[in-house]
There are 2 protein chains.
Amino acid sequence: MDVARSEVLVIGTSVACRSCQARHGVVCGALSAGQLSELGRHSLRRKVDAGCEIIAQGSENSFYSNITRGVVKLCKVMSDGRQQIVGLQFAPDFVGRPFVRESTLSAEAATDAEICVFPRNLLERMILETRELQRSLHAQALNELDAAREWMLTLGRRTAEEKVASLLHLIAAHAETATSTAFDLPLSRAEIADFLGLTIETVSRQLTRLRKEGVIRIENIRHITVPDMDALAKKISG
Amino acid sequence: MDVARSEVLVIGTSVACRSCQARHGVVCGALSAGQLSELGRHSLRRKVDAGCEIIAQGSENSFYSNITRGVVKLCKVMSDGRQQIVGLQFAPDFVGRPFVRESTLSAEAATDAEICVFPRNLLERMILETRELQRSLHAQALNELDAAREWMLTLGRRTAEEKVASLLHLIAAHAETATSTAFDLPLSRAEIADFLGLTIETVSRQLTRLRKEGVIRIENIRHITVPDMDALAKKISG
DNA sequence: ATTGCGATTTGATCCAGATCAAATCTCCGT
DNA sequence: ACGGAGATTTGATCTGGATCAAATCGCAAT
């Protein structure tokens, strides 16, 4: 854990998990008041800056988290440096791979974020004890699997323009604004490229192409508006 | 269900699921004797030919299965015909997407196969009733998620030669022979292309390239031997 | 305001893999 | 054995996206 780039807000009190529960964190939302209090005593709330590595690829899975604010990217890197983002997670998702010792991917805050961290052993014990927690984590795993497979279609069979449009559509769907026609990109151009299996140059060219076609407006480098969401959707062949 | 291309072996007796249990089917392996008997009374064993569609994309999820023999491919197709295989499943995997009404992908037998089919409602009730079944399906979902993410790296960032080598490596790992240095391809060239996000021509060229390099021998169109598994692994940049 | 540096865009060229086209190979039915 | 049709391989060419190169932008530190 990169302590230098994170700030621990609360340690070792049952207060720690109130925030998760209030936000229906996948873990905390499934626990009884008593369990929540026990979890709270052993958990901590962390504020992490964009870019902070929460889990390192190849490291031991010694803790898990709930995301309470912000966006987390899941990334796999090859020994020669090529890398691929294999998932984006948003509040109130659970982050971690239960029941496996070593992580096969890294998890990194894509934006400034807040997470609620619990020790591995305690969480795994609670999963075994608590039907509702297992059910809730099972449901998240199935949703992530659906998302991963949808993304496999994008990676394998869509063109660069369709890929970029798919990403914008995905981000818009998770944007917190009611209109969701204007949103901040949680990813840099390089991260977008790593998500789409493209280069930054191609991402940039496709964004300017969508802009010239009038499908999006690039208010500034991190902020996009979509005048007509259907026009964007039409760019993604179903 | 494409009944024309399948053969129902046993219907409506508690015998039906013995085969799943003996093979440690993900579902049947998690049930008590009493539950197994109830499941057996409502399940049926089917023999399906290669190419038989088990679940159609967009259809209602009205039943689930255990694979007891053979290989099943999970496939997504776009309206313009482009398609992507998003998963391969082997015995004793469970096939289906619990808790979702409509299937977002199709499942098709890649080889001749046998599956044990249960009705949706019964299985979902048993999941809610039975810790061990939920645990077991949760574990499979997590494993499929790991596999899907590994494959996203392959789709997004590996070259055609690395992709083909990755596929051969994957198949070899699931081959049932003890040596696993010689195996049958469960997929045609077209299916391999759809799994790797390539065209059949590129798949064919990469296979002959690997053959000319001495990494594989193509005994016949569906049968490969790998003289030195490490040489194959070296073709896949980690 | 000015400098400096990383992020982004834009331009020029290249190339891995797609596309188009044609042989071969397999295997099934007669 | 003989057709014949689909599957596979091989060849020729094209092209979308990569790579190499150079502005330009954004913004934090001075």
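A quick note: this is a predicted structure, and the numbers were derived from the prediction, not measured. Per chain, numbering begins at 1; letters A, B, ... match sequence-line order.
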Separation of C:dC25 C1' from B:Arg222 CZ (nearest whole Å): 15 Å

Between P on C:dT26 and NE2 on B:His223, what's the gap in Å once rounded to a whole number? 15 Å

In short, A:Gly156 meets B:Leu155 closest at the heavy-atom pair CA-CD2, 4.3 Å

With ring centroids as reference points, do A:Phe94 and A:Tyr64 lie under 6.0 angstrom apart? yes

Could you give the CZ-to-P distance, from B:Arg158 to C:dG17, as a whole number of Å? 14 Å

What are the bounds, 5' to 3', of the part of DNA chain D that sits under 4.0 Å from heavy atoms of chain B? D:dT8 to D:dA12

Applying side chain to side chain donor-acceptor pair (under 3.5 Å), name anything that partners B:Gln84, two or more places apart in sequence or on another chain. none

For A:Gln206 and C:dT8, what is the distance between atoms CD and C1' respectively, to the nearest whole Å? 15 Å

Only distances under 3.5 Å count here; give the side-chain donor-acceptor pairs of residues 227-234 of chain A to other protein atoms, sequence neighbours excluded, each with its distance to 0.1 Å.
{"from": "A:Asp228", "atom 1": "OD1", "to": "A:Asp230", "atom 2": "N", "distance (Å)": "3.0"}

Residues two or more places apart in sequence or in another chain: which of them pass side chain to side chain donor-acceptor pair (under 3.5 Å) with B:Ser204? none

Mind checking side chain to side chain donor-acceptor pair (under 3.5 Å) for B:Thr208 and listing every partner two or more places apart, or none if nothing turns up? none

Closest nucleotide of DNA chain C for B:Asn220 versus for B:Arg205: which of these residues is on the 5' side? B:Arg205

B:Asn143: side chain to side chain donor-acceptor pair (under 3.5 Å) partners, not counting sequence neighbours: A:Arg97

Only counting residues at least two apart or in another chain, list the ones meeting side-chain contact (heavy atoms from CB on, under 4.5 Å) with A:Asp80. A:Met78, A:Arg82, B:Ser237

Excluding sequence neighbours, so at least two apart, what forms side-chain contact (heavy atoms from CB on, under 4.5 Å) with A:Ala190? A:Ser188, A:Ile200

Atom pair distance, as rounded to whole Å: CD1 in B:Ile221 and P in C:dT24: 16 Å

Which residue pairs pass the salt bridge (charged side-chain N to carboxylate O under 4.0 Å, His left out) test when at least one of the two sits in residues 177-191 of chain A, sequence neighbours left out? A:Lys73-A:Glu191

Walking DNA chain D from its 5' end, the first of A:Glu201 and A:Thr159 to be reached, judged by nearest nucleotide, is A:Thr159

Within residues 187-200 of chain A, those residues having any heavy atom closer than 4.0 Å to DNA chain D are A:Gly197, A:Leu198, A:Thr199

Mind checking what makes salt bridge (charged side-chain N to carboxylate O under 4.0 Å, His left out) contact with A:Glu161, not counting sequence neighbours? A:Arg209, A:Lys235

Angle of first-five versus last-five pair axes in the helix from C:dA1-D:dT30 to C:dT30-D:dA1, to 10 degrees: 40°

